[in-house]
Amino acid sequence: QVQLVESGGGLVQAGGSLRLSCAVSGIAFRRKTMRWYRQAPGKQRELVAATTSSGSLDYSDYTASVKGRFTVSEDNDNNTQYLQMNSLKTEDTAVYYCMVVHLGVEYWGTGTQVTISS
């Protein structure tokens with residue numbers, strides 16, 4: 001059974017940092033496609049970062065609004081992907097989700113709330 005569990009959200013002031021974690025179980029962590037999404041109140045879910053890995057991050061891309069501020073990294077020993085978020089802005093406030101594609105099926109975590117205060 002594939003499971004994803006996000007953690008690391010919270011309340012920080014604008015300009016601060018947070019590191020989100022996405023722990024993956026039930027599948028081989030290598031050779032996968034993972035994405036981070038966020039959904040702010042009243043808005044559609046937005047793709048934040050997309051990665052492809054074959055043991056190390058072969059490809060990563062970010063939506064324009066977070067480029068240069070957000071970075072994805074991985075810990076293969078712990079089957080965990082991280083989203084480091086720096087220079088946070090109030091508009092980054094949202095529930096953040098990670099998603100993995102496995103054998104053509106999307107598996108989602110339950111999300112973690114990120115709130116940025118001004």
Side-chain angles (χ1 to χ4, degrees):
Q1 183 179 1
V2 180
Q3 287 189 320
L4 287 75
V5 178
E6 300 100 335
S7 61
L11 171 65
V12 297
Q13 287 189 326
S17 297
L18 282 173
R19 189 178 76 160
L20 306 184
S21 301
C22 177
V24 182
S25 61
I27 61 171
F29 192 63
R30 300 174 185 268
R31 301 187 184 279
K32 66 195 178 306
T33 295
M34 288 189 68
R35 300 189 182 101
W36 289 87
Y37 288 82
R38 66 185 179 186
Q39 187 165 21
K43 295 188 177 181
Q44 289 188 330
R45 191 168 291 186
E46 173 191 28
L47 177 63
V48 175
T51 66
T52 301
S53 176
S54 60
S56 61
L57 279 176
D58 298 323
Y59 169 82
S60 59
D61 197 13
Y62 305 86
T63 191
S65 61
V66 308
K67 277 186 178 179
R69 301 189 297 121
F70 289 14
T71 305
V72 173
S73 63
E74 295 186 333
D75 180 348
N76 287 316
D77 292 338
N78 291 304
N79 290 357
T80 300
Q81 191 175 84
Y82 303 99
L83 181 66
Q84 178 68 44
M85 308 187 297
N86 299 327
S87 302
L88 285 161
K89 305 176 181 180
T90 55
E91 52 263 43
D92 294 319
T93 294
V95 178
Y96 284 70
Y97 301 87
C98 58
M99 183 272 283
V100 66
V101 180
H102 176 60
L103 299 179
V105 178
E106 296 181 354
Y107 295 89
W108 292 80
T110 56
T112 185
Q113 176 70 47
V114 171
T115 304
I116 312 303
S117 63
S118 58

Quiz item: Is there side-chain contact between I116 and Q13, with at least one heavy-atom pair below 4.5 Å?
Solution: no

Self-check item: E91/K43 ion pair, N-O < 4.0 Å
Solution: no

Quiz prompt | Any T33 side-chain heavy atom under 4.5 Å of V100 side chain | solution = no

Practice problem: Scan side-chain atoms only and decide if D75 and T80 contain a donor-acceptor pair under the 3.5 Å cut-off. | Solution: no

Practice problem: Start with the C-alpha gap between L83 and R19, add the side-chain angles, then the distance that decides, and say whether side-chain contact (heavy atoms from CB on, under 4.5 Å) holds. | Solution: CA-CA 6 Å; L83 181 66; R19 189 178 76 160; over 6 Å; no

Quiz item: Out of curiosity, does M99 fall in the hydrophobic cluster containing V95 (side-chain heavy atoms, cut-off under 4.5 Å, transitive links)?
Solution: yes

Quiz item: Quick one: are L88 and V12 in side-chain contact, heavy atoms under 4.5 Å?
Solution: yes

Quiz item: Which heavy atom of L20 sits nearest a heavy atom of G9, and at what distance?
Solution: CD2-N, 3.6 Å

Quiz item: Distance only, no hydrogens: is a donor on one side chain within 3.5 Å (strictly under) of an acceptor on the other, for Q113 and T115?
Solution: yes

Quiz item: Are V101 and V105 connected in the hydrophobic side-chain network, where two residues link if heavy atoms are under 4.5 Å apart?
Solution: no

Exercise. Locate the shortest heavy-atom distance separating A94 from A40; write the atom from each residue and the value.
Key: CB-N, 3.8 Å

Quiz prompt | Within-4.5 Å side-chain heavy-atom neighbours: E46 and S65 | solution = yes

Quiz item: Yes or no on side-chain contact (heavy atoms from CB on, under 4.5 Å) for T93 and V114, after CA distance, side-chain angles and deciding distance?
Solution: CA-CA 5 Å; T93 294; V114 171; 5.9 Å; no

Quiz prompt | same_hphob_cluster(V2, M34) at 4.5 Å side-chain heavy-atom cutoff | solution = yes

Self-check item: Pi-cation contact, Y96 with R38 (under 6.0 Å, within 45°)
Solution: no

Exercise. State, yes or no, whether a side-chain contact exists between Q3 and V24 at a heavy-atom distance under 4.5 Å.
Key: no

Quiz item: Who passes ring pair (Phe, Tyr, Trp, His ring centres under 6.0 Å) against Y37, sequence neighbours left out?
Solution: W108

Self-check item: Pairs satisfying disulfide (SG to SG under 2.5 Å), at least one member in residues 58-118, at least two apart
Solution: C22-C98

Practice problem: Consider only side-chain N and O atoms of S73 and Q84, and report whether a donor and an acceptor are under 3.5 Å apart. | Solution: no

Quiz item: How far apart are the closest heavy atoms of V72 and A49, and which atoms are they?
Solution: CG2-CB, 3.8 Å

Quiz prompt | Side chain proximity check, Y97 to V48, heavy atoms < 4.5 angstrom | solution = no

Self-check item: Cluster link M85 to Y82, ILVMFWY, side chain under 4.5 Å
Solution: no

Exercise. Taking atom types as modelled, find out whether T51 and Q81 have a side-chain donor-acceptor pair closer than 3.5 angstrom.
Key: yes

Quiz item: Atom CD1 of I27 and atom CG of N79: how far apart are they, to the nearest 0.5 Å?
Solution: 8.5 Å

Quiz item: Got a second to check how far S17's OG is from F70's CZ, nearest 0.5 Å?
Solution: 9.5 Å

